[in-house]
Every structure is written in C-alpha cells, then in structure tokens.
Visitor: 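Take this structure, written in structure tokens, and hold onto it; I'll ask about it next.
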2 protein chains.
Amino acid sequence: MEEMVVATSDEQPEGGRGFRPLPSNGICGRLGDKWTVQVLWHLSRAGAERLRFSALKKEIDGITQRMLTLALRNLERDGLVARYYFPEVPPRVEYELTDMGSGMLRALEGINSWLMENLSRIEENRRVYDDAEQR
Amino acid sequence: MEEMVVATSDEQPEGGRGFRPLPSNGICGRLGDKWTVQVLWHLSRAGAERLRFSALKKEIDGITQRMLTLALRNLERDGLVARYYFPEVPPRVEYELTDMGSGMLRALEGINSWLMENLSRIEENRRVYDDAEQR
DNA sequence: CAGAATCCATCGAGATACTG
DNA sequence: CAGTATCTCGATGGATTCTG
C-alpha cells in the first residue's frame with residue numbers, strides 16, 4: 001500500500017518533510033463527535049433544499065436543541081454548512097451544505113460503505129471476545 | 001448523489017427497509033477517539049512486521065501506557081488487530097493488523113486525503129469566523 | 001422559532017504507582 | 001516488559017429554563 005499520511009488538525013511545529021503524519025483526535029476533531037456527521041447527512045439528504053433548525057431537530061432522532069446548535073455552529077465555523085438568518089417574527093433560520101460540506105460527505109463514503117459491509121462481523125467478533133474473557 | 005446510508009454500531013429496533021441510516025457516535029464508535037486510528041496507522045506502517053507494545057508506545061507520540069492498552073484491547077476485540085503473547089520472562093507481546101484492520105485503514109483513505117487537501121482551508125475559515133464573532 | 005444560559009451527570013483520558 | 005489499579009480533572013452531552 002502507498003504510505004498513508006493521516007491528517008491532523010492541530011497546530012504544531014512543522015516536522016520537516018511536508019505534512020506531519022498522524023491525527024490528534026481520531027480522524028479530525030469534530031468528525032468523531034456524536035452528532036456532526038448526522039447533521040451533515042440530513043442536510044445532504046435534503047438536496048438543494050435548505051432545512052430549518054426545527055426541521056433538523058425533528059429529523060435527527062434524540063438530538064437536543066443545545067447539541068444541534070453546537071453542531072451547526074461548528075460546521076458553520078469550518079465552512080461546511082451555510083447559515084441563512086431571516087430577522088422576521090418569529091425568526092427563521094435555514095441551513096444548507098456548502099460545496100465543501102458535500103465534498104467531505106462524499107469523502108466519507110469509503111469508510112461508510114466499509115462499515116456497512118463489516119459491522120456485523122465486528123459485532124460477532126465482539127461477542128466472541130466478550131464470551132471468552134468473562135469466565 | 002446516490003443516497004448515502006450512514007452506518008451505525010448501535011443495536012436498535014429495525015426500522016423496516018434494510019439498514020437504519022445514521023450513526024450513533026460519529027463515524028463508528030472507536031473511530032472517533034483519540035488514539036485508535038494512530039495505532040492502526042503505525043501498525044500498517046510496519047508492514048508485515050509485528051510491533052511490540054513498547055515499540056508502539058515509543059512511536060506514538062504522547063500516548064500513555066493505559067491509553068495504548070485500551071486502544072489495542074478494543075481493536076483486538078473488534079478483530080482489527082491480532083495480539084501474540086509470548087509467556088517469557090520478561091513477557092513479550094506483539095501486535096499486527098489483521099486483514100480486516102488493513103481493509104479498514106484503506107477505507108479511510110478517502111476521508112484522509114480529503115482532510116489533507118482541505119485542512120488549511122478549514123483553519124482559515126475558523127480564523128475568519130472567530131475574528132468576526134468576538135468584538 | 002431559534003436560540004442562549006445554567007446546572008449537572010457521565011465519561012474520556014492523563015498522571016502515578018504497583019505487579020506477574 | 002507489558003500490563004493493572006486508582007485517582008483526578010476537564011470535556012462532553014443531557015435536561016431545564018429563559019428570551020429576542
């Protein structure tokens with residue numbers, strides 16, 4: 001296999017030869033948290049249509065207002081999601097994926113399909129392992 | 001884009017039509033934590049050669065014994081890493097990627113290369129966003 | 001409606017000390 | 001050498017209340 005350099009998001013003194021290999025927090029900061037990918041996915045699912053805050057909250061099972069707000073803020077900060085605020089009464093806010101956001105989602109397809117294919121095997125491995133340990 | 005179904009690792013009542021879309025914890029449980037991918041990467045970097053616990057600890061910058069132990073246990077449990085224990089004095093333990101483990105690492109290349117290409121832009125977006133907010 | 005602000009329980013993870 | 005066992009602290013995430 002071609003030597004794989006794993007991306008990082010930390011600021012650190014440059015090592016010397018190009019990118020420093022190795023991530024600091026899983027794949028990349030926010031990608032590992034509980035809601036970020038779900039938010040991205042629901043936005044992409046809506047296609048060109050923008051989604052309102054309440055629509056997202058309704059669609060994403062179990063997310064709280066606070067968590068949705070935080071996830072959206074971080075995504076907006078990174079430039080993965082665009083936020084459109086309409087100062088009406090009551091206020092209306094719409095969200096949509098940026099090109100960068102949908103690009104990232106596409107880049108996730110590899111690992112996602114791998115997981116779809118292998119999750120059952122992983123779960124089986126876990127069962128076997130757990131049964132063997134506790135005795 | 002083809003409708004993308006995001007894999008989950010949770011057990012939950014089946015929704016109805018095949019896989020339930022949406023992950024429960026980022027991409028998949030352990031993938032989002034701080035050390036797992038780094039351990040995988042270092043093992044793959046060693047190629048066919050197995051690595052000892054101490055070698056891994058030396059190579060992975062900043063990891064503690066405890067965190068390395070936990071990461072390896074979880075990977076072993078999932079069937080992504082194989083553990084070879086030699087009951088000598090002093091004890092020797094060697095680790096290597098399983099086929100499944102290297103498969104998963106290959107599946108991560110998409111998101112990894114995307115991150116390599118886009119990290120600087122993300123960081124720039126964050127700077128702009130942060131400067132605009134605090135005033 | 002779309003949040004901001006608190007408070008609080010839990011968990012990840014680091015540091016340290018000990019052991020077969 | 002390759003772990004365990006504790007302890008601790010900070011971050012994450014949930015529930016709840018308040019507001020422009």
Visitor: Could you tell me how far apart A:Ile63 (CD1) and D:dT12 (P) are, to the nearest whole angstrom?
Guide: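 For the pair A:Ile63 CD1 and D:dT12 P, the rounded distance is 15 Å.
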
Visitor: What is the minimum heavy-atom distance between B:Leu51 and B:His42, and which atoms define it?
Guide: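 Closest approach of B:Leu51 to B:His42, heavy atoms only: CD1-O, 3.7 Å.
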
Visitor: Suppose we screen for salt bridge (charged side-chain N to carboxylate O under 4.0 Å, His left out). Which residues come up paired with A:Glu124, at least two apart in sequence or across chains?
Guide: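 Scan of A:Glu124 (salt bridge (charged side-chain N to carboxylate O under 4.0 Å, His left out), adjacent residues dropped) gives A:Arg127.
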
Visitor: Can you tell me if A:Arg83 has over 12 outside heavy atoms packed within less than 6.0 Å of its CZ?
Guide: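 Above 12, so yes.
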
Visitor: Between D:dG3 atom P and B:Arg92 atom CZ, what is the distance in whole Å?
Guide: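 Checked: the CZ to P distance equals 13 Å.
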
Visitor: When you check the phosphate oxygens OP1 and OP2 of D:dA2, does a side-chain N or O of B:Arg52 lie under 4.0 Å from one of them?
Guide: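 Checking D:dA2 against B:Arg52, a side-chain N or O does come within under 4.0 Å of OP1 or OP2.
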
Visitor: If each of A:Pro90 and B:Ala55 is mapped to the nucleotide of DNA chain D with the nearest heavy atom, which maps nearer the 5' terminus, i.e. the 5' end?
Guide: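 Closest to the 5' end, via its nearest nucleotide, is B:Ala55.
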
Visitor: Which residue lies toward the 5' end of DNA chain D, A:Gly62 or A:Pro91, if each is placed at its nearest nucleotide?
Guide: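 Result: A:Gly62.
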
Visitor: Using a cut-off of strictly less than 4.0 Å, decide whether A:Tyr85 has a side-chain nitrogen or oxygen near OP1 or OP2 of D:dG20.
Guide: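 For D:dG20, neither OP1 nor OP2 has a side-chain N or O of A:Tyr85 closer than 4.0 Å.
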
Visitor: Could you walk me through whether A:Tyr84 and A:Glu96 pass side-chain hydrogen bond (donor to acceptor under 3.5 Å, both in side chains), step by step?
Guide: CA-CA 8 Å; A:Tyr84 302 94; A:Glu96 70 178 0; 2.6 Å; yes

Visitor: Would you indicate, yes or no, if D:dG3 has its OP1 or OP2 atom less than 4.0 angstrom from a side-chain nitrogen or oxygen of B:Lys57?
Guide: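 Checking B:Lys57 against D:dG3: no side-chain N or O falls below 4.0 Å of OP1 or OP2.
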
Visitor: Please report how far the helix from C:dC1-D:dG20 to C:dG20-D:dC1 bends, comparing the axis fitted to its first five pairs with the axis fitted to its last five, to the nearest 10 degrees.
Guide: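 For the helix from C:dC1-D:dG20 to C:dG20-D:dC1, the axes at opposite ends meet at about 50°.
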
Visitor: Output the rounded distance in Å from CZ (B:Phe86) to P (D:dG3).
Guide: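 Rounded to the whole Å, the gap is 12 Å.
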
Visitor: B:Asp33 has a side chain; which of D:dG3, C:dC1, C:dA13 sits nearest to it?
Guide: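 The answer is C:dA13, which lies nearest to the side chain.
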
Visitor: Specify the closest pair of heavy atoms between A:Tyr95 and A:Leu43, including all atoms of both residues, with the distance to one decimal.
Guide: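 A:Tyr95 and A:Leu43 have their closest heavy atoms at O-CD2, 3.6 Å.
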
Visitor: When clusters are formed by joining ILVMFWY residues with side-chain heavy atoms under 4.5 Å apart, either directly or through shared neighbours, do B:Tyr85 and B:Leu68 land in the same one?
Guide: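 As far as the 4.5 Å side-chain criterion goes, B:Leu68 and B:Tyr85 are connected within one cluster.
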
Visitor: Going by number, which of residues 65-84 of chain A have a non-hydrogen atom under 4.0 Å from DNA chain C?
Guide: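 Per residue number, the list reads A:Gln65, A:Arg66, A:Thr69, A:Arg73, A:Arg83.
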
Visitor: Using whole Å, what does the distance between atom P of nucleotide C:dA2 and atom CD1 of A:Ile60 come to?
Guide: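 A:Ile60 atom CD1 is separated from C:dA2 atom P by 13 Å.
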
Visitor: With a 4.0 Å cutoff (strictly under), does any side-chain N or O of B:Thr64 reach OP1 or OP2 of C:dA15?
Guide: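 No, because none of the side-chain N or O atoms of B:Thr64 sits under 4.0 Å from OP1 or OP2 of C:dA15.
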
Visitor: Figure out the CG/C1' separation between B:Leu31 and C:dG12, and round it to whole Å.
Guide: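 After rounding, the reported distance stands at 17 Å.
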
Visitor: Answer yes or no: is there a donor N or O on one side and an acceptor on the other, between the side chain of B:Asn118 and the main chain of B:Trp114, under 3.5 Å?
Guide: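 Yes, B:Asn118 side chain to B:Trp114 backbone: donor-acceptor pair under 3.5 Å.
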
Visitor: Using a 3.5 Å distance criterion without hydrogens, assess whether the side chain of B:Ser102 forms a donor-acceptor pair with backbone atoms of B:Leu97.
Guide: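 It does not hold such a pair.
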
Visitor: Distance from A:Met67 atom CE to A:Thr36 atom OG1, nearest 0.5 Å?
Guide: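 Here the rounded value is 10.5 Å.
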
Visitor: Roughly, in whole Å, what's the span from CD in B:Glu94 to P in D:dG3?
Guide: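 That distance rounds to 12 Å.
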
